[in-house]
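Worksheet: one structure, shown below.
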Amino acid sequence: DAGVIQSPRHEVTEMGQEVTLRCKPISGHNSLFWYRQTMMRGLELLIYFNNNVPIDDSGMPEDRFSAKMPNASFSTLKIQPSEPRDSAVYFCASSAGENTGELFFGEGSRLTVL
Amino acid sequence: QKEVEQNSGPLSVPEGAIASLNCTYSDRVSQSFFWYRQYSGKSPELIMSIYSNGDKEDGRFTAQLNKASQYVSLLIRDSQPSDSATYLCAVNGGNYQLIWGAGTKLIIKP
């Protein structure tokens with residue numbers, strides 16, 4: 001299995017630009033999570049999808065952040081407009097069950113907003 | 001506020017010794033417990049899960065759970081330099097939400 005695939009691995013952009021991060025979960029996994037990790041705040045859950053439906057987006061920082069999962073094999077996290085404080089590593093993770101803590105993480109997208 | 005507490009470290013252990021990593025949690029109804037390993041610049045990787053009181057062994061790793069004390073630990077026997085990483089404790093209360101600790105940085109000295 002290829003594992004969870006994220007792109008891009010690195011993104012450097014200027015403040016105000018739109019950023020789109022992409023994720024392909026493991027085939028057959030019906031739960032998908034977007035996390036953000038920083039030194040100061042650790043791992044933060046941004047949004048959780050189950051069977052392509054957003055279940056909990058309470059962790060999305062503000063309206064500048066949006067996420068979609070149009071089908072079982074693809075999800076996007078979009079930031080528009082981006083700000084320097086959005087600089088972080090963004091992880092996508094998937095799991096085979098709804099209430100399991102056994103997550104498989106992608107390699108992450110390191111975002112730097114100048 | 002549900003919390004998971006870990007000593008941030010770094011915890012320095014000589015090669016070949018036992019590394020002991022500890023985690024406490026606040027939510028008494030927590031049902032499942034996980035240890036993830038994260039190498040610098042990499043993503044978290046699940047290494048152990050434990051669901052009932054007692055010990056669970058997997059190779060050089062042993063997870064220990066004490067629900068009465070709200071305490072979970074990870075022991076690494078015969079520590080190797082390749083075990084140097086940050087270890088994240090995560091606790092699940094029965095739904096999709098994982099409560100994450102901040103992680104303990106482990107350094108194995110040759």
Side-chain angles (χ1 to χ4, degrees), chain A residues 1-7 9-10 21 23 25-26 29-59 69 88-112, chain B residues 1-10 21 23-27 29-52 56 58 61 63 65 67 72 74 85-106:
Chain A
D1 199 319
V4 176
I5 300 173
Q6 289 188 247
S7 65
R9 292 292 313 279
H10 301 275
L21 308 179
C23 174
I26 292 173
H29 283 192
N30 62 351
S31 291
L32 184 139
F33 304 79
W34 281 101
Y35 279 93
R36 177 171 68 178
Q37 187 176 42
T38 60
M39 289 292 293
M40 290 296 295
R41 300 174 68 91
L43 270 172
E44 301 175 277
L45 178 64
L46 299 178
I47 188 167
Y48 163 61
F49 291 89
N50 183 256
N51 291 323
N52 314 336
V53 176
I55 303 300
D56 182 0
D57 65 355
S58 61
M69 191 165 187
V89 180
Y90 291 81
F91 289 108
C92 175
S94 69
S95 68
E98 183 175 351
N99 295 329
T100 176
E102 298 185 359
L103 305 185
F104 294 80
F105 284 80
E107 293 183 308
S109 295
R110 181 175 294 276
L111 173 64
T112 302
Chain B
Q1 181 79 1
K2 301 176 183 178
E3 293 182 342
V4 173
E5 300 286 343
Q6 294 182 257
N7 189 317
S8 62
L21 303 164
C23 171
T24 59
Y25 59 95
S26 62
D27 188 1
V29 302
S30 298
Q31 297 180 5
S32 47
F33 308 84
F34 307 89
W35 285 100
Y36 284 77
R37 178 178 62 200
Q38 186 173 24
Y39 291 115
S40 180
K42 302 295 185 182
S43 59
E45 174 193 13
L46 178 66
I47 56 171
M48 289 287 285
S49 56
I50 187 165
Y51 301 93
S52 54
K56 178 181 178 183
D58 183 1
F61 298 95
L65 175 61
K67 289 187 177 181
V72 58
L74 179 70
T86 295
Y87 289 80
L88 300 166
C89 174
V91 174
N92 182 301
N95 59 21
Y96 60 89
Q97 277 274 17
L98 271 180
I99 310 301
W100 294 87
T104 298
K105 184 174 183 178
L106 175 65

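Every chain is numbered from 1 and lettered A, B, ... according to where its sequence line falls, protein lines coming before strand lines. Just so it is clear, the structure is predicted and the values come from calculations on it, not from any experiment.
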- Task: Examine whether an atom of A:Phe104 lies under 4.5 Å from a heavy atom of chain B, and if so say whether it belongs to the side chain, the backbone or both; otherwise answer neither.
- Result: neither
- Message: At a 4.5 Å cut-off on heavy atoms, which part of A:Glu44 comes close to chain B: side chain, backbone, both, or neither?
- Response: neither
- Between A:Ile55, A:Leu45, A:Asp56, A:Val89, the one whose heavy-atom pairs under 4.5 Å with chain B are most numerous: A:Asp56
- CA sep, side-chain torsions, deciding dist, call: B:Lys56, B:Ser49, side chain to side chain contact (heavy atoms under 4.5 Å, CB included): CA-CA 8 Å; B:Lys56 178 181 178 183; B:Ser49 56; 3.5 Å; yes
- Message: Can you give me the closest heavy-atom contact between B:Ile99 and B:Val4, atom names plus distance?
- Response: O-CG2, 3.5 Å
- Task: Take the angle between the ring planes of A:Phe105 and B:Trp100 and call it parallel below 30°, perpendicular above 60°, tilted in between.
- Result: perpendicular
- Task: With a 4.5 angstrom heavy-atom cut-off, could you sort out which part of B:Phe33 is near chain A: side chain, backbone, both or neither?
- Result: neither
- By a 4.5 Å heavy-atom criterion (distance strictly below it), what part of A:Glu107 contacts chain B: side chain, backbone, both, or neither? backbone
- What are the two closest heavy atoms between B:Ile50 and B:Ala63, and how far apart are they? CD1-O, 3.6 Å
- Message: Please find the pair of heavy atoms, one from A:Val4 and one from A:Cys23, that lie closest to each other, and give the distance.
- Response: CG1-SG, 3.7 Å
